[in-house]
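Numbers here are sequence positions counted from 1. In listed order, ligands and their atoms are each counted from 1.
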Amino acid sequence: MAGLRVLVGVKRVIDYAVKVRVAAGGGGVQTQGVKHSLNPFCEIALEEGVRLRERGAAAEVVAVSVGTRVCQETLRTALALGADRGVLVEVGEGAAVGPREAAAALAGLAGRLRPHLVLLGKQAIDDDCNQTGQLLAAMLDWPQGTFASRVEPEGEWVRVQREVDGGLETLRLRLPAVLTADLRLNEPRYATLPNIMKAKKKPLEVVAASEFLGGGSPPAPPRLRVLKLEEPPPRGGGQRVDDVPALLERLRASGCI
Ligand code: AMP
């Protein structure tokens, strides 16, 4: 099928290079004044969508973020990286958006935009959940190809090579389908300055999450509560030994060997 419509989920996360600190009280992490970026696995998913369009297999790539207003920044980055348009599914400040809420919002939007392919990252590096794609496929009752390292559309189907323990698995899924991107799917491009400028003019639509998340008042309560976060204990200082026999003796004494 030529001219696939591709929906790509892009999540705003704390930048991978930031040293994450637990917030006072231990109920979360510090986010104020901390650099945020587009989740790296979402960049790979987006790159794949853009490449499909560049080789004529896809007609349109729509980037979607579920979150607060600041996620518009993330969507502008996605537009600079090649998405044709963006959709922010906006939640209110402080609303919990976990995989269940993100998947429900994406499923609602998929019902409206009728994509042939939904491309997500295999995981978000903030929560490491690796659940949204699987939940979304279940909610839509679409086939899923997770941990994809190669994607080849074939008419009404898509052939997907998956990274599985101990090797590779190849699946053929009937469209529409949900795919999640693994690290080796591609190497994402950088946003060039001209493309960053062009992105400012690309369409970015904002829809209220309440349209997809039940809309009730009060909203559906989250099913998962983070009870506590703790930083790992600080590393103890190292010790120097004079030679290899002394090192082996220390290792034996400490029960390491
Ligand atoms: P997770 O299941 O949280 O590890 O996230 C896996 C993938 O789901 C991410 O790489 C995104 O592609 C997508 N996703 C998760 N949360 C959101 C969100 N709030 N907005 C858009 N996409 C999301």
- Query: Of the non-hydrogen atoms in A58 and G49, which two are nearest, and what is the gap between them?
  - Reply: CB-O, 4.4 Å

- Message: Between E230 and R21 (salt bridge meaning N to carboxylate O under 4.0 Å), is one present in this structure?
- Response: no

- Message: Quick check on contacts: which atoms of ligand 1 are under 4.0 angstrom from a heavy atom of C129?
- Response: 1 (P), 2 (O), 3 (O), 4 (O)

- ligand 1 and A124, any nitrogen or oxygen pair closer than 3.5 angstrom? yes

- Do F147 and L185 belong together in a cluster built from hydrophobic side chains that touch within less than 4.5 Å? no

- Item | Candidate with minimal heavy-atom separation from atom 23 (C) of ligand 1, of K11, E101, E43, R100 | K11

- Check the pair D126 / R12 against salt bridge (Lys or Arg N to Asp or Glu O under 4.0 Å), numbers first and verdict last. CA-CA 9 Å; D126 53 358; R12 179 177 184 265; over 6 Å; no

- Message: Please determine whether a side-chain nitrogen of the Lys or Arg among E163 and K122 lies less than 4.0 Å from a carboxylate oxygen of the Asp or Glu.
- Response: no

- Item | Nearest neighbour in protein (non-hydrogen) for atom 9 (C) of ligand 1 | C42 SG, 3.7 Å

- What protein heavy atom sits nearest atom 15 (C) of ligand 1, and how far away is it? T132 OG1, 3.5 Å

- Please indicate whether any nitrogen or oxygen in V64 is less than 3.5 Å from any nitrogen or oxygen in ligand 1. no

- Task: Select the closest option to atom 18 (C) of ligand 1 among T74, L120, D128, V66, judged by heavy-atom distance.
- Result: V66

- Partner of S149 by side chain to side chain donor-acceptor pair (under 3.5 Å), out of R162, R184, Q161: Q161

- Message: Less than 4.5 Å apart, side chain to side chain, heavy atoms only: is that true for L119 and L7?
- Response: no

- For atom 6 (C) of ligand 1, closest protein heavy-atom neighbour: G121 O, 3.4 Å

- Query: Can you tell me which residue and heavy atom of the protein come closest to atom 21 (C) of ligand 1, and the distance to 0.1 Å?
  - Reply: V10 O, 3.4 Å

- Query: Would you say ligand 1 has an N or O under 3.5 Å from any N or O of G133?
  - Reply: no

- Of A102, C71, G67, the one whose closest heavy atom lies nearest atom 17 (C) of ligand 1 is A102

- Query: For ligand 1, which atoms sit closer than 4.0 Å to a heavy atom of V97?
  - Reply: 19 (N)

- Could you walk me through whether E154 and R159 pass salt bridge (Lys or Arg N to Asp or Glu O under 4.0 Å), step by step? CA-CA 7 Å; E154 294 178 346; R159 183 181 288 260; 2.8 Å; yes

- Would you tell me whether E47 and N186 have side-chain atoms, one donor and one acceptor, within less than 3.5 Å of each other? no

- Task: Could you say whether the N/O atoms of N130 and ligand 1 ever approach to under 3.5 Å?
- Result: yes

